[in-house]
4 protein chains.
Amino acid sequence: MNEPKIKRDPEGTRRRILSAAAEEFANGGLSGARVDQIARRALTNERMLYYYFGSKEQLFTAVLEQAFACLADAERQLDLDGLEPVDAITRLAHFIWNYYFEHQDLLRLLNNENLHEARYIKNSSRINEMMSPVTSMLSRILRRGAEAGVFRNDVDPLRFYVTLSALGYYVLSNRYTLAAILGRDFTEPEERAEVLRLSTDMVLCYLRTKAS
Amino acid sequence: MNEPKIKRDPEGTRRRILSAAAEEFANGGLSGARVDQIARRALTNERMLYYYFGSKEQLFTAVLEQAFACLADAERQLDLDGLEPVDAITRLAHFIWNYYFEHQDLLRLLNNENLHEARYIKNSSRINEMMSPVTSMLSRILRRGAEAGVFRNDVDPLRFYVTLSALGYYVLSNRYTLAAILGRDFTEPEERAEVLRLSTDMVLCYLRTKAS
Amino acid sequence: MNEPKIKRDPEGTRRRILSAAAEEFANGGLSGARVDQIARRALTNERMLYYYFGSKEQLFTAVLEQAFACLADAERQLDLDGLEPVDAITRLAHFIWNYYFEHQDLLRLLNNENLHEARYIKNSSRINEMMSPVTSMLSRILRRGAEAGVFRNDVDPLRFYVTLSALGYYVLSNRYTLAAILGRDFTEPEERAEVLRLSTDMVLCYLRTKAS
Amino acid sequence: MNEPKIKRDPEGTRRRILSAAAEEFANGGLSGARVDQIARRALTNERMLYYYFGSKEQLFTAVLEQAFACLADAERQLDLDGLEPVDAITRLAHFIWNYYFEHQDLLRLLNNENLHEARYIKNSSRINEMMSPVTSMLSRILRRGAEAGVFRNDVDPLRFYVTLSALGYYVLSNRYTLAAILGRDFTEPEERAEVLRLSTDMVLCYLRTKAS
DNA sequence: TATGAATGAGCATTCATTCAT
DNA sequence: GATGAATGAATGCTCATTCAT
C-alpha cells in the first residue's frame with residue numbers, strides 16, 4: 001500500500017536482495033542477519049529470497065562471491081608493471097590500505113567467514129577459481145626491484161603480500177577494541193595517514209636492506 | 001544419570017560456566033552461541049547460567065573481562081626493562097605473536113566484539129579500568145633505544161604497538177580465507193617462523209633507520 | 001493428523017484466534033492465559049498469533065477492543081427515546097443487567113483490566129474513540145422525566161449510570177465469594193429476578209422522590 | 001551485606017511474608033505474583049516462604065484468610081444495635097463504603113478470587129467457619145425498623161446487604177475502566193461523597209417506601 | 001514472477017520448587 | 001530457623017522455511 005512495490009523486475013529484485021544481504025550479513029554475520037530484514041531492505045518478500053538463492057546459506061555464499069569478484073576486478077585494474085619498483089610497491093600498499101577502508105563490508109564478511117573457518121568460501125567453486133591477480137603482479141615487481149638492485153632478493157611474494165595487508169586490515173578490523181583499550185581511534189584521517197606512512201616506510205626500509 | 005553430576009560447588013560451577021561460555025562464544029559469537037550448549041558443556045543446567053550471570057549478554061561480558069584480565073596478567077609478567085632495547089623489542093614481538101597463537105579464543109572474541117563495535121567492552125567498567133600495561137613498557141624501551149642511539153627517535157609508541165600486533169593477528173585471524181584464496185597456510189610451524197622473522201626484521205630495520 | 005486443519009483462511013484464522021483469546025484471557029487474565037492454549041483452541045499454531053497480532057499484549061488489547069465494540073453496538077441498538085421515562089429507565093436497567101449476564105467474558109476482562117489499572121484500554125486509540133453511547137441517551141431520559149414532573153431534577157446522569165450498573169455487575173462479579181461467604185447464589189434465576197426487581201424499585205423510588 | 005538481615009525472628013518472618021504476599025497478590029493476582037518478589041519484599045528468602053506456608057497457593061489462601069479475618073474483626077466492632085434504624089443503616093452504609101476504600105488490597109484479592117471462582121476460599125476451612133457477623137446485625141436493624149414503622153417489612157437482609165455493598169465496590173473496583181470510558185474519576189473526594197450520598201439516599205428512600 | 005499465509009523447531013529466559021548445609 | 005545452590009518444566013517469542021494462490 002504505502003510501500004513502493006517493485007513489480008516484474010527479476011534482474012533488479014535479485015540485485016536488490018544481494019546488496020541488502022551484503023549489508024545485513026556484514027552487520028550480524030550469518031547467524032545474526034535476519035531473512036525478513038534482508039527481504040524488507042530489498043523491497044521484496046522473504047519468499048523471493050528462496051526463489052533466487054535457495055537458502056540463507058546459499059545467499060551468504062553468493063554475497064561472498066560477489067564481494068570477492070569486486071576485489072578481483074579492482075585488483076585487475078591496477079597497472080603496476082609500468083612503474084618503478086618503489087613506486088609500484090607504494091602504490092600497491094595504498095591500494096590495499098584504501099580498498100578495505102572503502103569496503104568495510106568486505107572486511108566484516110571476511111571476519112565472519114574466518115570465524116566460520118571459511119566454510120562458505122570453500123564450498124564456492126567460483127571463488128576457488130579466481131586466484132588473486134595481485135600476487136603474480138607483486139612477484140613481478142619484487143623481481144624487477146631485485147634485478148634493478150633496489151630491493152633485496154630473498155623476499156617471498158605471498159609472505160610479503162600479507163605483510164602489506166596486515167596493518168591496514170588490523171587497525172580497521174580492531175578499531176573498536178583498540179579505541180576502547182588504547183584510547184586512540186586509528187581510523188581518523190590524520191591518524192590513518194600517519195599509520196599508512198609508518199607501514200610503507202617499514203616495508204620499503206625492509207626491501208631496501210640487503211639480505212643478512 | 002550417566003553424566004557426572006557435580007553438586008554443591010558454587011566456585012566450580014561458576015568457573016565451568018565461564019570456561020564453557022568462552023569456548024562457545026569463541027565459535028559462533030554472541031548470537032551463534034546457544035545457552036543450552038553452554039550449560040551442557042559446563043555440566044550444569046541453563047538456570048544456573050542466569051543464577052550466576054544474569055543474562056547471555058552479561059555472560060558474554062564476563063567472558064570478555066576474563067580474557068582481558070588474562071592478557072593483562074601475562075603482559076605484566078613480561079620483564080623487558082632489564083634487556084637491551086633490540087632484545088626487548090624482539091622479545092615483545094615474540095610475546096605478542098605467541099600470545100594470540102596460544103589464545104585463539106581471545107582472538108575470536110575480539111573479532112566478534114569488533115563486529116559488535118565493542119559494545120560489550122564499553123559497558124564493562126572492569127575492562128575500561130585496566131589499561132594495557134604493555135604500552136608504558138614499550139614507551140620506555142623506545143626511549144632507551146633512542147637514547148642509546150640504536151633506535152630512531154620519532155616513533156609513536158601506540159602506533160608502533162599496533163604494528164607489532166598487526167601481522168600476527170592478521171595471519172591468524174584470516175588463516176582460513178588466506179588459505180582458501182592464496183593457497184598457503186600461515187599457521188604451519190615453519191611458515192609461522194618465517195613470517196615472525198619477516199615481521200621482526202621489518203620493525204627492527206625500521207627502528208634502526210634514522211628519521212628522514 | 002486427527003485434528004481438523006483449516007488452511008488458507010486468513011479471515012477465519014484471525015477470528016478464531018481472537019475468540020479463543022477472549023475465552024483464555026477471560027479465565028486467567030493476561031498473565032494466566034497461555035499462548036499455546038490460545039493457539040490450540042484456535043486450531044492454529046502459536047506463530048500465527050504473532051503474525052496477526054504482534055504480541056500477547058497486543059492480542060489482549062484487540063480482545064478488549066472487540067468486547068467494547070460489541071457493547072457499544074448493543075447500546076446503539078437500544079431505542080429508548082420513544083418510551084415513557086419510567087419505562088425507559090426500566091428497560092435500560094434490564095438491558096445492563098442482562099448484558100453483563102450474557103457476556104460474562106466482558107465482565108471478567110473488565111475485572112482483569114482494572115487489576116492492571118486499565119493499562120491496555122488506555123493504550124487503545126480505538127477504545128478511547130468510542131464514547132459510551134448510552135450516557136447521552138440516559139441524559140435525555142432523565143431530562144424528559146424531570147420535564148414531565150415524574151423524576152426529580154437533580155440527578156447527575158453519569159453518577160446515576162454507575163448506580164444502574166453497579167448491582168448487576170457486583171453480584172455477578174462476586175458471585176463466587178458471595179456464595180462462599182453468604183451462602184447464597186445470586187445468579188440463580190429466581191434470585192436474579194428478585195435482585196433485579198429490588199434494584200429497579202430502588203432507583204425508580206429514588207427518581208420519583210422530590211429533591212430534598 | 002548491605003541489606004538488613006533479620007535473624008531468628010520466626011514470628012516476624014512469618015508476618016512479613018504474609019504482608020508482603022498480600023501486596024504482591026493484590027497486584028498481579030496468583031499467577032502474576034512472583035515468589036522471589038514476595039521473599040525480597042519480606043526481607044527473607046524464597047525458601048522460608050515454603051518453610052512457613054508450604055506452597056504459593058497455600059500462601060495465597062493464608063493471605064485471603066487474614067484479609068477476611070480483618071474484615072470480620074472490623075464488622076464485629078460495629079455496634080449498631082443501640083442506634084435508631086435509619087442511623088444504623090446510614091452508619092452501616094458508610095462503614096462498608098469506607099472499609100473497601102481503605103482496604104483496596106482486599107478488593108483486589110476478592111476480584112482475583114472471583115476470577116478463580118473462589119477456589120481458594122472454598123478450600124479454606126477457616127474462612128468457611130467465619131460467617132459474616134454483619135448479616136445478623138442487619139437483620140436485627142431491618143426488623144427493628146419495620147416494627148417501628150419506619151421501614152417497609154418485605155426486605156430480604158442478604159439481598160439488601162449486597163445492595164449496600166455493590167455501589168461502593170463497583171466504583172472502586174472499576175475506577176480505571178470507568179475513568180477511561182466515562183471520563184470521570186469516581187474516587188476523587190468530592191465525587192466519592194456525592195456517590196455515597198446518592199447511594200444512601202436511594203436505599204433509605206426504598207426502605208421508607210411501603211411495599212407495593 | 002510474486003506474495004500473504006502457514007508451520008515446527010528452537011530461542012533466551014523465568015517459574016515455582018527442592019536440595020544440602 | 002535460615003540460606004545459597006540447584007533443577008526441570010514451562011513461557012513468550014523468533015527463526016528459517018514452505019505452502020497455496
Side-chain angles (χ1 to χ4, degrees), chain A residues 5-14 30-39 44-52 54-57 59, chain B residues 5-14 30-39 43-57 59, chain C residues 5-14 30-39 43-57 59, chain D residues 5-14 30-39 44-52 54-57 59:
Chain A
K5 291 278 171 65
I6 287 92
K7 300 212 165 188
R8 302 275 147 175
D9 179 14
E11 195 63 26
T13 301
R14 211 192 119 92
L30 176 58
S31 65
R34 303 295 164 219
V35 291
D36 66 332
Q37 273 290 328
I38 296 172
T44 181
N45 62 69
E46 304 175 39
R47 188 64 191 81
M48 295 319 288
L49 193 152
Y50 292 91
Y51 183 78
Y52 283 113
S55 74
K56 191 189 186 186
E57 301 205 347
L59 177 55
Chain B
K5 290 277 171 65
I6 289 95
K7 299 208 167 191
R8 294 276 138 179
D9 180 13
E11 281 292 314
T13 301
R14 214 193 116 93
L30 177 58
S31 66
R34 302 296 163 218
V35 291
D36 65 334
Q37 273 294 327
I38 295 173
L43 301 178
T44 181
N45 60 68
E46 302 176 38
R47 187 63 191 79
M48 295 317 286
L49 194 154
Y50 293 91
Y51 185 74
Y52 283 112
F53 297 95
S55 73
K56 193 189 185 185
E57 300 206 347
L59 178 55
Chain C
K5 290 277 171 65
I6 288 94
K7 299 209 167 190
R8 294 277 137 179
D9 179 13
E11 282 291 314
T13 301
R14 215 192 116 93
L30 176 59
S31 66
R34 302 296 164 217
V35 292
D36 65 335
Q37 272 293 328
I38 295 173
L43 302 177
T44 180
N45 61 67
E46 301 177 40
R47 188 61 192 81
M48 296 317 286
L49 194 154
Y50 294 92
Y51 185 74
Y52 283 112
F53 296 95
S55 73
K56 193 190 186 186
E57 300 206 348
L59 178 55
Chain D
K5 290 277 171 67
I6 287 92
K7 298 213 166 190
R8 301 275 146 175
D9 178 14
E11 194 65 25
T13 301
R14 211 192 117 92
L30 176 59
S31 64
R34 302 294 165 220
V35 292
D36 66 333
Q37 273 291 327
I38 295 172
T44 180
N45 62 68
E46 305 175 39
R47 189 62 191 81
M48 297 317 289
L49 193 154
Y50 291 91
Y51 184 78
Y52 282 114
S55 75
K56 192 190 187 187
E57 301 205 348
L59 177 56

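In what follows, every chain begins at residue 1, and chains take the letters A, B, ... in the order their sequences are listed. Just so we're clear, the structure is a prediction, and the values are computed from it rather than from any experiment.
Closest contact between the side chain of D:Met48 and the listed nucleotides E:dA5, F:dT3, E:dT1 involves F:dT3. Side-chain atoms of D:Lys56 lie closest to E:dA16 of the nucleotides E:dA6, E:dA16, F:dT7. Side-chain proximity of C:Arg47 to F:dA16, F:dT3, E:dT13: nearest is F:dA16. Among the nucleotides F:dA16, E:dT17, F:dG12, the one closest to the side chain of C:Arg34 is F:dG12. Taking only side-chain atoms of B:Tyr50, from C-beta outward, the nucleotide of E:dA12, F:dA16, E:dT17 with the closest atom is E:dA12. Picking from E:dA12, F:dC13, E:dT18 the nucleotide with the shortest atom distance to the side chain of B:Glu46 gives E:dA12.
A close approach under 4.0 Å does occur between a side-chain nitrogen or oxygen of C:Thr13 and OP1 or OP2 of E:dA6. Residue A:Ser55 places no side-chain N or O under 4.0 Å from the OP1 or OP2 atom of F:dA16. In this model, the phosphate group of E:dT3 is approached by a side-chain N or O of A:Thr44 to a distance below 4.0 Å at OP1 or OP2.
Rounded to whole Å, the distance from CG on B:Leu43 to P on F:dT7 is 10 Å. Straight-line distance from the CZ atom of C:Arg14 to the P atom of E:dA5: 11 Å, rounded to whole Å. At whole-Å resolution of the value, CD in C:Glu11 and C1' in E:dA6 are 16 Å apart. Atom CG of A:Asn45 and atom C1' of F:dT21 are 13 Å apart (whole Å). In this structure, the CG atom of B:Leu49 is 13 Å from the P atom of F:dT7, given to the nearest Å. Between A:Gln37 atom CD and F:dT14 atom P there is a gap of 13 Å when expressed in whole angstrom units. We find that CG of B:Asp9 is positioned 12 Å from C1' of F:dA6, with the value rounded to whole Å. If you measure from atom CG of B:Asp36 to atom C1' of F:dA10, you get 15 Å, rounded to the nearest angstrom.
Closest non-hydrogen pair, C:Ser31 versus D:Ser31, comes out as OG-OG, 2.9 Å. Nearest heavy-atom pair, A:Met48 versus A:Thr44, reported as atom, atom and distance to 0.1 Å: CG-OG1, 3.2 Å. The heavy-atom pair separating D:Tyr50 from D:Lys56 by the smallest distance is CE2-N, 4.4 Å.
Nucleic acid contact class of A:Ala33 (heavy atoms, under 4.0 Å, all strands): sugar-phosphate only.
Nearest-nucleotide assignment on DNA chain E puts the 5′-proximal partner with C:Pro10, out of C:Pro10 and B:Ser31. Looking at which nucleotide of DNA chain E each of B:Gly32 and C:Tyr51 is closest to, the 5′-most match is held by C:Tyr51.
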>> Show, in sequence, the C-alpha distance, side-chain angles and deciding distance for D:Leu59 and D:Ile38, and conclude whether the side chain to side chain contact (heavy atoms under 4.5 Å, CB included) test is met.
In response: CA-CA 10 Å; D:Leu59 177 56; D:Ile38 295 172; 4.3 Å; yes
>> What verdict does the side chain to side chain contact (heavy atoms under 4.5 Å, CB included) test give for B:Gln37 and B:Val35, after you've listed the backbone C-alpha separation in whole Å, the side-chain angles of each residue and the deciding distance to 0.1 Å?
In response: CA-CA 5 Å; B:Gln37 273 294 327; B:Val35 291; over 6 Å; no
>> For DNA chain F, please output the secondary structure as dot-bracket, reading 5' to 3'. Pairs are Watson-Crick or G-U wobble, both atom distances under 3.5 Å; mark crossing pairs with [ ], other-strand partners with |, unpaired with a dot.
In response: .||||||||||||||||||||
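Separating the OG1 atom in D:Thr13 from the OH atom in D:Tyr52 is a distance of 5.0 Å, to the nearest 0.5 Å.
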